[in-house]
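Model, not experiment: these values are computed from the prediction. Lettering follows sequence order; numbering is per chain, from 1.
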Amino acid sequence: MRVRFAPSPTGRLHVGNARTALFNWLLARGQGGALILRIEDTDVERSTRESEEGILRDLRWLGLTWDEGPDVGGARGPYRQSERLHLYQSYAAELLAAGRAYYCFCTMTQLDAERQAAVVEGRPALYAGTCRRLSSEQAHARIAGGERPAVRFRVPDDHDIVFRDLVRGDVRFHADVIGDPVILRGDRTPAYNFAVVIDDALMAVTHVVRGEDHISNTPRQIVMYEALGFTPPAFAHLAMVLGPDHSPLSKRHGATSVAEFRARGYLPEALLNYLALLGWSPGADQELLPIDELARRFLIERVGHSAGVFDEEKLAWVNRHYLKMAEPARIAELSVPYFQSEGFEMAPDAHGLEFLASAMVIATSSVDRLAQIPARLRQLFHYDAEQALADPRVLDEMQAEAPQRVVRALATALATASRLDRERFRSVAQEIKAQTGLKGKQLFHPIRVALTGTAEGPELDLLVPAIDRGAELPASAGLPRVEGCSERAAAFVRALGRR
RNA sequence: GUCCCCAUCGUCCAGAGGCCUAGGACGUGGCCCUUUCAAGGCCAAAACGCGGGUUCGAAUCCCGCUGGGGACGCCA
């Protein structure tokens, strides 16, 4: 089995295309087949190397590996259409010689007018066949006269073209609804339908898995396979990915590209697992499975027929799962750019990363995406007693006598205590409880406010030890300075006294 | 306009003629856990588009309608 993913490098990798790539990958990996990456860059106007590199980068980030492609090579390259122009031209010449293709001198204006007229008259909007009957003498004379004709494929008329779609079953088109497609443009570059056929045939692709938008191209391609003496591959057309309003997923729905989802802090394994669930099911009651297991279970015949709405809420849920599963060290490293873009100045060394990793569970247990980690851990690196008391709600709470007693007891206890770990923090809390007679929220909320400067945040049991571990960190760790709990408590009491 | 594809909770899936009083997940609501916010646990509400057939029996098969989507480029 040989499958392929064939993006055109005209922009970012869209999640819909990523899903097509994934399904190809699942099919190839599940069956021990090969995946080919081919760059469809025959549109020189829109294709860019930047886009190509971006697409490759996004695919690699997702972990979708390929066996042949422009970067890794392979026996049936080159893998960029722009480097295969001679092949298309030589097959076109062959079709021309066999009378299966002909030169077309129609102008764009003429073609547009014909199309419009056809729609108005209720006829299918197809090529009228004006140049079909031109003799080769006439054609060559016009070429000699300086005209640059396109080449059209002569679709045999009056017969049915049927193909068995692996996901949809038999699909039937009548040849009369297919106009003669252009295979070579006036500038001798190939048109999509032709290049695809030549490439898939020459690259020995056995299964073409692509978007549903190509379903009506399939009959044109099949007649070309036949004219060229190639055996058509099996086809499988995947339903579209839609936005919440059931229109194709686009910018106005928010993020659409893999790069954007990466930037928002989704993990590749989460995006992949989510995408696999969109149009397919790995089995009743099971959704969250490692990619290899998905590949093992994947059956192209079991892919759904109808379009699917992309649901970022569900993606977020999948991501939470993988965030919890992931190695803290990995997440710590991935989180650094997010801290930086939130204004935290850091360039952690190994110790810094180790500390960050040790604190990471505080964030990963309660956050959707990497981008939310800095906000969740802000209280670790940022403390300002004055600023805390500037918050009317905090000030209001501290107006009462009981919380003040808690805070003062806390400052006193911490003044002599060594750095807090979980147990020492608990015993300090017990001490204050005994001293003040307060418990529960009455006890812990003032502690939280004094130590974090905020009324809400992660569990103190986790946060407090992390703060005091951070306070021990040398400057060389490359993290913002962490003010320890005893300093925080003392500062808070001083600030309170000034009020 | 012509051709093609599609149709189960708001969303994603399960359902391959009787296992369906239609199952799971996300989201939503409630409850629980809890020192706060989250996270987590439990419970609940929520769907077979409509009309005809076929069959003893249809969410499942057939036809039509309606609705959605795609294609009709010298874009891919």
Counting any heavy atom closer than 4.0 Å, what does [X] reach on the DNA or RNA strands: base, sugar-phosphate only, or nothing?
X        : result
A:Gly304 : nothing
A:Arg302 : base
A:Arg376 : base

[X] side chain: which of [options] is closest?
X        : options                : answer
A:His305 : B:rC26, B:rA7, B:rU35  : B:rA7
A:Val119 : B:rG1, B:rC74, B:rC26  : B:rG1
A:Arg185 : B:rC75, B:rU11, B:rU35 : B:rC75
A:Val171 : B:rC5, B:rC26, B:rC3   : B:rC5
A:Tyr192 : B:rA76, B:rU8, B:rC3   : B:rA76
A:Glu459 : B:rG69, B:rU8, B:rU36  : B:rU36

(message) Can you tell me if A:Phe444 is stacked onto the base of B:rU35, using a 5.5 Å centroid cut-off and an angle below 30°?
(response) yes

Nearest-Å distance, [atom1] ([X]) to [atom2] ([N])?
X        : N      : atom1 : atom2 : value
A:His321 : B:rG27 : NE2   : P     : 14 Å
A:Leu111 : B:rC75 : CG    : P     : 11 Å
A:Ile447 : B:rU35 : CD1   : P     : 12 Å
A:His214 : B:rC4  : NE2   : C1'   : 15 Å
A:Lys324 : B:rA39 : NZ    : P     : 8 Å

(request) Taking only Lys NZ, Arg NE, NH1 and NH2, and the carboxylate oxygens of Asp or Glu, determine whether A:Arg132 and A:Asp157 approach each other closer than 4.0 Å. (result) yes

(message) Whether A:Asp199 and A:Arg38 form a salt bridge (side-chain N of Lys/Arg under 4.0 Å from carboxylate O of Asp/Glu) is what I want to check.
(response) yes

(message) Run A:Phe310 and A:Phe261 through ring-ring contact (aromatic ring centres under 6.0 Å, His included) and show every step you take.
(response) CA-CA 12 Å; A:Phe310 192 94; A:Phe261 285 100; 5.2 Å; yes

(message) Looking at A:Arg115, I'd like to know whether one of its side-chain N or O atoms comes within less than 4.0 Å of OP1 or OP2 on B:rC72.
(response) no

(message) What's the gap between B:rA16 and B:rU11 when it is taken at their P atoms, as a whole Å value?
(response) 23 Å

(message) Need to verify one output field. Residue with the more 5' nearest nucleotide on RNA chain B, A:Ala6 or A:Leu277?
(response) A:Leu277

(message) Side chains of A:Phe492 and A:Val449, heavy atoms from C-beta outward: is any pair under 4.5 Å?
(response) yes

